[in-house]
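Take a look at the structure set out below.
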Amino acid sequence: MSLNNTIWDLSNFPVRTSKDFTLGRHLVIREFDYQSLYDQMALLSHAFHNYEDLSKKERLEMRDIANDFIKLHYNNSESTGIDCVAEDWTQLDLFTSLMDVPFPNRTKYKFRFIDLFAGIGGIRLPFSELGGKCVFSSEWDKKAQTSYIHNYGEIPFGDITKIKEDFIPAHDILLAGFPCQAFSIIGKMKGFEDTRGTLFFEVARILKHHRPKAFLLENVKQLVTHDHGKTFETIIQTLKDLGYFVKWNILNALDFGVPQKRERTIIVGFKDKDKADKFNFDFPKTQYDLSSIIERDSVVDKKLFASEDICKKRIQSTVGKKLFYPSIWHENKSGNISVLPYACALRTGASYNYLLINGYRRPSSRELLRLQGFPENFVIAVPHSDIRRQTGNSVAVPMIREVAKKIVDLL
């Protein structure tokens with residue numbers, strides 16, 4: 001028996017009440033609310049990838065969970081005989097699909113990292129390429145979870161606010177593209193206490209508990225100026241109070257060979273002052289080429305082509321402007337059209353016609369992934385509307401890769 005692709009559509013897992021599970025010193029769950037089969041699969045996938053770190057007792061406990069999952073999911077119709085299976089439950093066909101992915105987790109590694117607010121793994125990818133093993137991931141959005149499992153063979157845990165820090169395995173590097181929600185209570189300069197109620201606090205509490213050697217945090221450019229800089233000042237001070245030497249800068253994806261103007265705040269921290277002193281944000285600029293990411297019109301879904309009326313309006317709005325091809329026509333909030341050799345930042349909340357390639361069609365799913373620098377073998381496992389949202393929430397992979405190289409070299 002194996003899990004076919006339909007199982008990995010994680011948006012409709014049935015909800016049930018289940019017991020809590022505790023996995024000794026490596027994967028400890030305390031007061032964690034397991035309410036779905038999805039949660040059990042996340043636990044199983046993480047244990048599968050960290051099998052060598054589990055004790056014999058923990059391996060047997062995971063075997064029981066696998067047994068429980070299969071009986072529940074298949075209503076006992078296809079799960080007879082699992083109780084007689086050898087202790088090495090990882091040999092079940094149930095888990096083969098966790099390795100049959102384009103970016104499987106490493107068995108041999110140089111360092112361990114965790115991927116918080118993981119999205120579709122844009123921050124994870126470069127650190128894995130550089131020899132890292134992901135020992136924990138978390139992402140609450142169901143459709144993003146679906147993309148994650150199809151590409152990394154790992155089901156990320158859900159809401160990080162419900163996960164105790166002692167459940168998360170020890171790691172060398174913490175990665176987090178924490179959401180840029182309103183930091184409503186930040187700004188009173190009470191440091192760590194000031195961040196409670198925000199998702200940055202989830203990062204801070206995990207750093208406080210595990211003390212990894214380094215971290216990389218990513219957020220929007222506007223984080224630096226939010227509330228006249230008070231929000232950012234509190235975040236940086238909190239990280240310093242936790243014992244880290246911190247550096248930050250605003251980087252633009254255009255400078256890293258990606259045809260997208262996407263400016264993001266990158267925060268890096270080290271426990272070791274010497275390493276922090278050696279780290280810098282000096283990177284050589286890499287030329288971008290819009291033509292390298294554009295697909296032929298003949299292979300693009302016809303639904304992505306703008307209506308005749310919209311195309312006429314675009315032409316009328318560009319009278320007197322220099323037109324060239326390939327180009328991306330960007331419409332701002334006031335309705336002004338700019339003809340550019342790159343895309344403006346992909347946004348989840350933008351209008352459907354926010355960006356039009358050559359003025360007449362929207363970017364395809366593959367083009368959107370290319371605009372963020374994802375590899376060609378990244379699996380598209382969700383509808384175009386979800387890819388549009390996921391890439392709008394993601395990071396420019398080549399930009400993160402250059403930062404990651406410096407962090408890993410120093411460690």
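Note that the numbering runs from 1 along the sequence shown for the chain.
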(Q) Applying side-chain contact (heavy atoms from CB on, under 4.5 Å) to F111 and V408, what does each step give before you reach the verdict? (A) CA-CA 9 Å; F111 58 92; V408 173; 3.7 Å; yes

Q | Criterion side-chain contact (heavy atoms from CB on, under 4.5 Å) on T225 and F232, from CA distance to verdict | A | CA-CA 7 Å; T225 55; F232 193 66; over 6 Å; no

Q: Apply side-chain hydrogen bond (donor to acceptor under 3.5 Å, both in side chains) to D289 and S291, showing your working.
A: CA-CA 5 Å; D289 178 10; S291 65; 2.6 Å; yes

(Q) Does R389 form a salt bridge (charged side-chain N to carboxylate O under 4.0 Å, His left out) with D386? I'd like the steps, not just the answer. (A) CA-CA 5 Å; R389 185 165 52 88; D386 293 309; 3.2 Å; yes

Q: Take F279 and V403, measure what side-chain contact (heavy atoms from CB on, under 4.5 Å) needs, and give me the verdict at the end.
A: CA-CA 9 Å; F279 180 87; V403 179; 4.0 Å; yes

Q.
What verdict does the side-chain contact (heavy atoms from CB on, under 4.5 Å) test give for L116 and L175, after you've listed the backbone C-alpha separation in whole Å, the side-chain angles of each residue and the deciding distance to 0.1 Å?
A. CA-CA 6 Å; L116 305 180; L175 310 176; over 6 Å; no

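No hydrogens or angles considered: nothing links the side chains of D115 and Y152 as a donor-acceptor pair under 3.5 Å. Under the 3.5 Å distance criterion, with hydrogens and angles disregarded, a donor-acceptor pair is assigned to the side chains of Q390 and S147. A donor-acceptor pair shorter than 3.5 Å can be found between the side chains of Q237 and D241. In summary, the side chains of N336 and S334 do not present any donor paired with an acceptor at a separation below 3.5 Å, with no hydrogens or angles considered.
Cation-pi geometry between K164 and F167 is not satisfied (NZ or CZ under 6.0 Å from the ring centre, within 45° of the ring normal). Figure legend: cation-pi geometry between K133 and F127 absent, as NZ or CZ is not positioned both under 6.0 Å from the six-membered ring centre and within 45° of its axis. Taking the ring centre of Y244 as origin, the terminal cationic atom of K271 falls inside the region bounded by 6.0 Å and 45° from the ring axis.
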Donor-acceptor pairs are to be reported for all side-chain atoms of residues 338-351 against protein atoms at under 3.5 Å, with residues two or more places apart or in another chain.
from : atom 1 : to   : atom 2 : distance (Å)
R347 : NH1    : Y354 : OH     : 3.2
S351 : OG     : Y354 : N      : 3.3

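The one candidate from R205, H210, H209 that meets the side chain to side chain donor-acceptor pair (under 3.5 Å) condition with E165 is R205.
Looking only at distances, a side-chain donor or acceptor of T146 sits under 3.5 Å from a matching main-chain atom of K142. Side-chain atoms of R366 do not come within 3.5 Å of backbone N or O of I294 as any donor-acceptor pair. Between the D159 side chain and the W140 main chain, no donor and acceptor come within less than 3.5 Å of each other. Between the N151 side chain and the V379 main chain, a donor and an acceptor come within less than 3.5 Å of each other. Although no hydrogens or angles enter the test, the distance criterion places a donor-acceptor pair under 3.5 Å between the side chain of S307 and the main chain of I310. A donor-acceptor pair under 3.5 Å links the side-chain atoms of N252 to the main chain of R262, judged by distance alone. Looking only at distances, no side-chain donor or acceptor of E139 sits under 3.5 Å from a matching main-chain atom of P156. Q260 places a side-chain N or O within donor-acceptor distance of the main-chain N or O of L371, the cut-off being under 3.5 Å. Between the side chain of R112 and the backbone N or O of G132 there is no donor-acceptor pair closer than 3.5 Å. The closest donor-acceptor contact from the side chain of Q372 to the backbone of F374 lies at 3.5 Å or more, if one exists at all.
Once rounded to the nearest 0.5 Å, the distance linking CZ of R296 with OG of S364 reads 11.5 Å. The line from CG of L174 to NE2 of H171 is 4.5 Å long, rounded to the nearest 0.5 Å. Atom CG of residue N219 and atom CD1 of residue I267 lie 7.0 Å apart, to the nearest 0.5 angstrom. Note that the CG atom of L290 and the CD1 atom of I328 stand 5.0 Å from one another [nearest 0.5 Å]. Separating the CD1 atom in I407 from the CD atom in E402 is a distance of 12.0 Å, to the nearest 0.5 Å. The CH2 atom of W329 sits 8.5 Å away from atom CG of L356, with the distance rounded to the nearest 0.5 Å.
When all heavy atoms are compared, the tightest approach of R362 to F305 is NH1-O, 3.7 Å. Across every non-hydrogen atom of R314 and N353, the tightest pair is NH2-O, 3.1 Å. Between M399 and R264, the shortest heavy-atom contact is CE-CB, 4.1 Å. When all heavy atoms of S138 and I160 are compared, the pair lying nearest together is OG-CB, 3.6 Å. Closest approach of G122 to P126, counting heavy atoms only: O-CD, 3.3 Å. Of all heavy-atom pairs between P398 and F256, the closest is CB-O, 3.6 Å.
Side-chain contact between V258 and Y288 is absent, with no heavy atoms from C-beta onward closer than 4.5 Å. Counting heavy atoms from C-beta outward, H330 and N332 have side chains that approach closer than 4.5 Å. Contact annotation: the side chain of F270 never approaches that of I173 to less than 4.5 Å [non-hydrogen atoms, C-beta and beyond]. D141 has its side chain out of reach of N393: every pair of non-hydrogen atoms, C-beta onward, lies at least 4.5 Å apart. I206 places a side-chain heavy atom less than 4.5 Å from the side chain of I114. K213 has its side chain out of reach of D272: every pair of non-hydrogen atoms, C-beta onward, lies at least 4.5 Å apart. Residues Y148 and I120 are not in side-chain contact: their nearest non-hydrogen atoms beyond the backbone lie 4.5 Å or more apart. Taking 4.5 Å as the limit, every side-chain heavy atom of I155 sits out of range of all side-chain heavy atoms of L43.
Using a 4.0 Å cut-off between a side-chain N of Lys or Arg and a carboxylate O of Asp or Glu, R370 and E367 do not qualify as a salt bridge. No salt bridge links D227 with K230; every basic N to acidic carboxylate O contact stays at or beyond 4.0 Å. We find that K110 and D172 are not joined by a salt bridge, their nearest charged nitrogen and carboxylate oxygen being 4.0 Å or further apart. Ion pair D297/R361 flagged as a salt bridge, since at least one NZ, NE, NH1 or NH2 atom sits closer than 4.0 Å to an Asp/Glu carboxylate oxygen. Electrostatic pairing of E154 and R124 counts as a salt bridge here, judged by a charged N lying under 4.0 Å from a carboxylate O. Using a 4.0 Å cut-off between a side-chain N of Lys or Arg and a carboxylate O of Asp or Glu, K273 and D277 qualify as a salt bridge. Note on D409 versus K406: no salt bridge recorded, every NZ/NE/NH1/NH2 to OD/OE distance being 4.0 Å or above.
Within 6.0 Å of atom CD in Q287, 12 or fewer heavy atoms from other residues, nucleotides or ligands are found, so the atom counts as exposed in its surroundings. With a 6.0 Å radius and a threshold of 12 heavy atoms from other residues, nucleotides or ligands, K261 has its NZ atom at or below the threshold.
In this structure, F283 and F281 have perpendicular ring planes: the angle between them is above 60°, well past the 30° mark.
Checked against a 6.0 Å centroid threshold, the rings of F178 and F117 do not count as neighbours.
The side-chain hydrogen bond (donor to acceptor under 3.5 Å, both in side chains) test applied to K221 returns E263, not counting sequence neighbours.
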